[in-house]
Amino acid sequence: QVQLVESGGGLVQAGGSLRLSCAVSTRTFSSSFLGYLGWFRQAPGKEREFVAAMGWTSGSTVYADSAKGRFTISRDNAKNTLSLQMNTLKPEDTAVYYCASSPFGGGTYDSGYNYWGQGTQVTVSS
């Protein structure tokens, strides 16, 4: 079982930055067995969409086009923490951001992830 707890959301003006964190807890197995961890977001009235993902041991990354060049996903294996550094934020980045875990490659579809955090709200004002 994997527990994910996000933090770091808030209100920021357009052009500003935020750093989201996800505390990863694997109570029944070593975290070295984690596959991919990712960030998704869901804006009001819209479907949840992929933002970025990273292989927990490989460090390989994949980004949505909307995140490329502005967001950076990273992990600290020693602290079991996944982060998302978001720069040059835009009002359209406003959403609830979720951390998710996949035992395998994850991918860019939420169906590939089987554990989810509760989400953290990011609001970007214009």
Side-chain angles (χ1 to χ4, degrees):
Q1 183 176 4
V2 180
Q3 289 190 326
L4 306 167
V5 180
E6 302 96 333
S7 62
L11 173 64
V12 65
Q13 288 188 331
S17 298
L18 277 177
R19 186 177 181 86
L20 305 183
S21 294
C22 175
V24 182
S25 174
T26 55
R27 295 185 176 181
T28 57
F29 61 94
S30 169
S31 62
S32 63
F33 290 100
L34 288 170
Y36 267 65
L37 274 79
W39 289 96
F40 287 76
R41 67 186 184 186
Q42 187 167 21
K46 295 187 177 181
E47 293 186 352
R48 187 161 54 190
E49 65 174 4
F50 171 78
V51 177
M54 170 175 261
W56 189 249
T57 54
S58 69
S60 297
T61 59
V62 59
Y63 292 91
D65 288 343
S66 59
K68 289 179 182 177
R70 299 189 300 128
F71 295 1
T72 302
I73 190 171
S74 62
R75 92 284 196 211
D76 186 330
N77 297 77
K79 296 182 179 179
N80 276 9
T81 301
L82 181 75
S83 297
L84 184 69
Q85 177 67 42
M86 304 186 295
N87 298 327
T88 320
L89 283 162
K90 306 174 181 179
E92 51 263 43
D93 294 318
T94 296
V96 177
Y97 283 70
Y98 297 92
C99 176
S101 170
S102 168
F104 307 111
T108 61
Y109 294 94
D110 57 7
S111 58
Y113 296 78
N114 56 346
Y115 289 103
W116 295 81
Q118 82 288 351
T120 185
Q121 176 70 47
V122 171
T123 303
V124 184
S125 63
S126 57

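Predicted model, so just to flag it, every value in this text is computed and none were measured. Index from 1, following the sequence.
- Residues Phe40 and Leu37 do not share a hydrophobic cluster, clusters being chains of Ile/Leu/Val/Met/Phe/Trp/Tyr side chains in contact below 4.5 Å.
- Pairing each heavy atom of Phe71 with each of Leu84, the nearest pair is CB-CD1, 4.1 Å.
- With sequence neighbours left out, Val96 forms a side-chain contact (heavy atoms from CB on, under 4.5 Å) with Tyr98, Gln121.
- In this structure, Tyr97 and Glu6 have side chains that are not in contact, with every pair of non-hydrogen atoms separated by 4.5 Å or more.
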Check: Between Lys79 and Ser21, is a side-chain contact (heavy atoms from CB on, under 4.5 Å) present by the stated rule, with each step listed?
Finding: CA-CA 11 Å; Lys79 296 182 179 179; Ser21 294; over 6 Å; no
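- Across every non-hydrogen atom of Gly8 and Leu18, the tightest pair is O-CD2, 3.8 Å.
- With hydrophobic clusters built from ILVMFWY side chains whose heavy atoms lie under 4.5 angstrom apart, Val124 shares a cluster with Met86.
- Judged by distance alone, with hydrogens and angles left aside, the side-chain atoms of Asn77 form no donor-acceptor pair with the main-chain N or O of Thr57 at under 3.5 Å.
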Check: Passes side-chain contact (heavy atoms from CB on, under 4.5 Å), Ser60 versus Val62? Steps please.
Finding: CA-CA 7 Å; Ser60 297; Val62 59; over 6 Å; no
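- Judged by distance alone, with hydrogens and angles left aside, the side-chain atoms of Ser101 form no donor-acceptor pair with the main-chain N or O of Tyr115 at under 3.5 Å.
- Clustering ILVMFWY residues whenever any of their side-chain heavy atoms sit less than 4.5 angstrom apart, transitively, puts Val122 in a cluster other than the one holding Phe50.
- Cluster membership for Val51 and Leu20, using ILVMFWY side-chain heavy atoms within less than 4.5 angstrom, is shared.
- Nearest heavy-atom pair, Ser125 versus Leu11, reported as atom, atom and distance to 0.1 Å: CB-CD1, 4.3 Å.
- Rounding to the nearest 0.5 angstrom, the gap separating the OG atom in Ser126 from the CD atom in Glu92 is 10.0 Å.
- One finds the OH atom of Tyr63 at 15.0 Å from the OG1 atom of Thr108 (value rounded to the nearest 0.5 Å).
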Checklist line | Evaluation steps, side-chain contact (heavy atoms from CB on, under 4.5 Å), between Asp93 and Arg70 | finding: CA-CA 11 Å; Asp93 294 318; Arg70 299 189 300 128; 2.7 Å; yes
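- The two atoms that bring Gly105 and Tyr36 nearest to each other are O-CG, 3.2 Å, heavy atoms only.
- Looking only at distances, a side-chain donor or acceptor of Tyr113 sits under 3.5 Å from a matching main-chain atom of Gly107.
- Using a 4.0 Å cut-off between a side-chain N of Lys or Arg and a carboxylate O of Asp or Glu, Asp65 and Lys68 qualify as a salt bridge.
- Taking all atoms of both residues into account, the shortest heavy-atom contact from Ser83 to Trp39 is O-NE1, 3.5 Å.
- Nearest heavy atoms, Ala95 versus Arg41: CB-CB, 3.8 Å.
- Residue Gln13 qualifies as open at atom CD: its count of foreign heavy atoms under 6.0 Å is 12 or below.
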